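Data first, discussion second: the structure below is written as C-alpha cells.
Just so it is clear, the structure is predicted and the values come from calculations on it, not from any experiment. Letters A, B, ... are given to chains in the order of the sequence lines, protein chains preceding strands, and every chain is numbered from 1.
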Amino acid sequence: MTTTERPDLSWLDEVTMADLERNPYATYERLRAEAPLAYVPVLGSYVASTEEVCREIATSPDFEAVITPAGGRTFGHPAVIGVNGDVHADLRTMIEPALQPAEVDRWIEDLVRPIARRYLEQFEADGQAELVAQFCEPVSVRSLGDLLGLQDVESDKLREWFAKLSRSFTNAAMTEDGEFANPEGFVEGDEAKAEIRSIVDPLIDKWIARPDDSAISHWLHDGMPPGQTRDREYIYPTIYVYLLGAMQEPGHGMASTLVGLFSRPEQLEEVVDDPTLVPRAIAEGVRWTSPIWSATARISTKPVTVAGVDLPEGTAVMMSYGSANHDTGRYEAPTTYDLHRPPLPHLAFGAGNHACAGIYFANHTMRIALEELFEAIPNLERDTREGVEFWGWGFRGPTSLHVTWEV
Amino acid sequence: MTFAVTVGGRSVECDEDQALLDACLRAGVWMPNSCNQGTCGTCKLHVVAGEVDHGSSPVETLSDEERCAGMALACQARPRGDVELRPQGTSAARTANPLRDMVATVREVSDIARDTRRILLGLNEPLTFDAGQYVELVVPGSGERRQYSLANTADEDKVLELHVKLVPGGVATHGWLFDGLAEGDEVDISGPLGDFHLPPESEDDGGPMVLIGGGTGLAPLVGIVRTALRRHPEREVVLYHGVRGEEELYDGERLTELAGQYPNFRFVPVLSHEPVDGYREGFPTDAFVEDVSTARGWTGWLCGPPAMVEAGVKSFKRRRMAPRNIHREKFTPADG
C-alpha cells in the first residue's frame with residue numbers, strides 16, 4: 001500500500017446520528033483504525049478520533065476554535081468555546097477569576113458539601129434511589145446555579161434547561177447540501193433559551209444596578225470602566241455554555257464514575273474505604289466515559305496536512321475526546337473501567353487554549369459529592385433488576401442509575 | 001542526569017528536563033492532574049525538600065506568593081536535585097510520639113486463658129504513647145522482632161501490659177515468651193508504633209463507639225476503651241470480645257467492673273466454636289449487626305486476624321458507619 005492510497009470509507013455513509021447517540025464507540029473504533037482524521041458525511045465535518053490527532057490539532061498553531069454548526073445555532077455568537085483572539089481573551093478573563101484553583105479552594109467545600117448533604121437527606125433512609133435524577137444532576141446544577149447567582153431557579157428547571165440545550169446543541173445531522181437535516185430539533189432549545197431570558201434578564205437588570213458576588217454579576221462588571229457593564233447580548237452565549245455543559249457534565253462524570261466502579265466491586269470497596277482514592281476514581285471515570293464526548297471543534301487557519309490528510313484553509317474538525325480516551329495506542333483495554341490502570345493524562349477536559357476553564361471546579365464538585373455519597377451510604381449496591389443505559393454522542397453519560405442499600 | 005522524586009513514601013526517577021508529574025505517572029504513582037499544560041492547577045503540590053525549576057508555570061496558576069511558599073505545578077516543574085513532594089490536601093504528618101529503643105524488665109508473667117499470657121514489662125523511663133499503639137520486642141538470639149499492642153492507657157507509662165497468644169512452633173512465643181521467660185529478664189523493645197489510637201482529646205467529640213477484638217486483639221481495645229470512657233463518661237460504647245471458646249476469655253472481670261462504672265458501656269463476649277449457656281454464640285461482627293440498627297455517626301475499632309477485621313468493616317458499613325471512621329489493626333502472626 002502506498003501512502004497516497006486511501007482506505008475505502010464508504011461504510012461511513014450508512015452511519016446515522018441515532019447510531020452515534022446510542023453507541024458511538026464501534027464507529028469511532030473503526031475510524032481510529034482506518035482513518036484517524038476522516039470526513040463523516042452525517043456530521044458534514046471532518047472528525048479527529050485518536051489521541052494523537054486530537055492533541056495535535058487542539059494545540060496546533062494552524063488551527064483555532066470554531067463552534068460546531070448545531071452548537072452555533074443553539075448558543076449564538078460569541079460563545080467562549082467558539083471564538084478566538086481578543087474576544088476569546090476577554091471572555092476567558094471574564095470567567096476565569098471565579099474558577100482559579102486558589103479562588104475555588106476558598107468556597108468549594110462550603111458550597112458543595114451542604115448541597116450534597118441536603119439531597120442525600122431526602123433519600124438516604126429509603127434503601128433505594130435513582131442516583132442520576134436524585135443526586136448526580138441535582139448536586140451538579142445546584143452547586144453551579146448558586147455560584148452563578150441563580151439561587152431562585154429550581155434544580156429541576158436547571159436540569160430541564162441543560163437537557164433541552166444539550167439535545168439542540170448535538171442536533172448535528174447535516175444534509176448533503178450542508179443544511180441541518182432536522183431543523184425541528186432546535187425548537188426545544190429555542191424554547192429553553194426564551195425561558196432562560198425571561199428569568200435571567202430581570203436578574204441582569206438587578207445586577208447592573210446592584211452588583212453582588214455572584215459570577216454573572218462579576219461578568220457584567222469586572223474590568224469595565226465605571227458606570228459601564230458588558231452588553232448582555234455579548235455574555236448570553238457564554239451563559240448558555242454554562243447552562244448546558246457546566247451544568248450537565250459534572251453530573252455525567254459522577255454517574256459514569258459510579259457505573260464504572262459498580263463494574264469493579266472490589267475497586268468500589270477500595271474507594272469507599274479510602275476516600276483519598278475518589279479523585280483518581282473520577283479521573284478514570286471521565287476517561288472511561290468522557291462527558292464531553294464530541295462537542296468541540298477546531299478550524300484550520302491555513303492549508304495544512306494532518307495524519308496524511310490535506311486540509312484546505314477553513315476546514316472544521318470535530319474533536320472526539322471520548323474516542324481519543326479509548327485509543328488502544330495509549331490505553332490497554334480502554335473499554336474497561338480500571339482504577340489502577342497506568343495513570344496517563346486523558347483528554348476529557350480537552351487541550352490547548354480552549355481546554356475546559358472549569359476543570360478544577362468540576363473535579364472538586366464531583367469529588368465532594370462522591371465523598372458525601374460514600375460517607376452516608378457506604379453499603380451502596382447497584383440495583384441489578386434495572387439495567388444501565390448510556391446515551392449521547394456530543395455529551396455522554398448514563399441515563400439512569402438505580403441503586404439499593406440496607407437500611 | 002536523573003534525580004530522585006519522593007512522594008507519599010514512593011521514590012521515582014526523574015530526568016532533569018522531565019516534568020515531575022510525567023515521571024510520577026510513568027512510574028505508576030498517581031497524583032491529581034488534568035490539563036497537563038499548567039493552566040488548571042489540579043496538580044499543584046508542596047515541595048517539602050529540594051528545589052525545582054518552575055519551567056513555564058503561568059503566574060495566573062501559580063502565583064509568586066505560592067512559589068515562595070514552596071508550591072509547584074507538577075506538570076511544569078523540573079527537578080534541580082533530589083526533591084520530596086507532598087500532594088495538596090494531605091496534611092503534614094501529625095507530630096508523632098517519638099520512637100525509642102529501650103531495655104525493659106519482665107515484672108510479671110501470668111497465664112490468663114488457654115494459650116494466652118499477660119506479660120508486664122517495667123521501664124526505667126516513662127514511655128510517651130497513645131492508648132492502642134504497639135511496641136516491638138526483639139527475640140533474644142534470633143534478631144527477629146515481634147509486635148504486641150499495649151493494653152495500657154497513656155498514663156500507665158512505666159509498666160507496659162502485653163497480651164500474648166501461643167503460636168505452636170513460633171520462634172517468639174513457643175520458643176521464648178511461653179518457654180523460659182521469667183520475672184527479672186531483660187527485653188529489648190522499640191516503641192511506640194502504629195496509628196491505631198483515638199484522636200487527640202480536643203478532637204474527640206464523645207460520639208458512640210464500637211470495638212471488636214478477636215482473641216488477644218482485645219489488648220489495644222482495653223487501653224482505648226478506658227481512655228474513651230474517662231474522656232466522656234456518658235458516651236455509648238460497645239466492646240465485643242470474640243474467641244473460639246470460654247477458656248480463651250480473659251479480663252472479663254475487669255471489663256464487667258468497667259461496665260458497672262460507666263452506665264452506657266457494654267461488654268459482650270462472643271464464642272464462635274464452643275457454645276456455652278449464658279454466652280453469645282457466633283462471630284462478634286455478626287453480633288454487632290444483630291445488636292445495632294444504625295451506626296451512623298459512630299466510630300469503629302477492629303483488632304484481630306485479617307478475616308475478622310474484613311468481616312468487621314463489612315458489618316460496620318452495613319450499618320452505615322462512615323468508612324473514614326473505621327479504624328483497623330490487623331494482626332498477622334509473623335510467628336509460626
To the closest 0.5 Å, what do you measure between [atom1] ([X]) and [atom2] ([Y])?
| X | Y | atom1 | atom2 | value |
| --- | --- | --- | --- | --- |
| B:C40 | A:F361 | SG | CZ | 15.0 Å |
| B:K44 | A:D105 | NZ | CG | 7.5 Å |
| A:E284 | B:W30 | CD | CH2 | 11.0 Å |
| A:N353 | B:T39 | CG | OG1 | 9.5 Å |
| B:R324 | A:T276 | CZ | OG1 | 13.5 Å |

If you look at every heavy atom in [X] and [Y], which pair is closest and at what distance?
| X | Y | value |
| --- | --- | --- |
| B:M321 | A:P378 | O-CG, 3.2 Å |
| B:P323 | A:D273 | CB-CA, 3.8 Å |
| A:I359 | B:C35 | CD1-CB, 3.8 Å |

**Asked** What residues of residues 311-319 of chain B sit under 4.5 Å from chain A when only non-hydrogen atoms are counted?
**Response**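 The stretch touches chain A at B:V313, B:K314, B:K317, B:R318, B:R319.
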Can you tell me if [X] has over 12 outside heavy atoms packed within less than 6.0 Å of its [atom1]?
| X | atom1 | result |
| --- | --- | --- |
| B:E13 | CD | no |
| B:D291 | CG | yes |
| A:E266 | CD | yes |
| A:D86 | CG | no |

Structural part of [X] lying under 4.5 Å from a heavy atom of chain B:
| X | result |
| --- | --- |
| A:P342 | neither |
| A:E406 | both |
| A:E269 | both |
| A:H346 | backbone |
| A:A357 | neither |

**Prompt:** Under a 4.5 Å heavy-atom cut-off, does chain A meet the side chain of B:M31, its backbone, both or neither?
**Reply:**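 Neither part.
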**Asked** Who among B:I326, B:T42, B:N33 has the most heavy-atom pairs with chain A under 4.5 Å?
**Response**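 Option with the top pair count is B:T42.
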**Message:** B:R296 and salt bridge (charged side-chain N to carboxylate O under 4.0 Å, His left out): which single residue from A:E121, A:E124, A:E375 fits?
**Reply:**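 With B:R296 as partner, salt bridge (charged side-chain N to carboxylate O under 4.0 Å, His left out) holds for just one option, A:E124.
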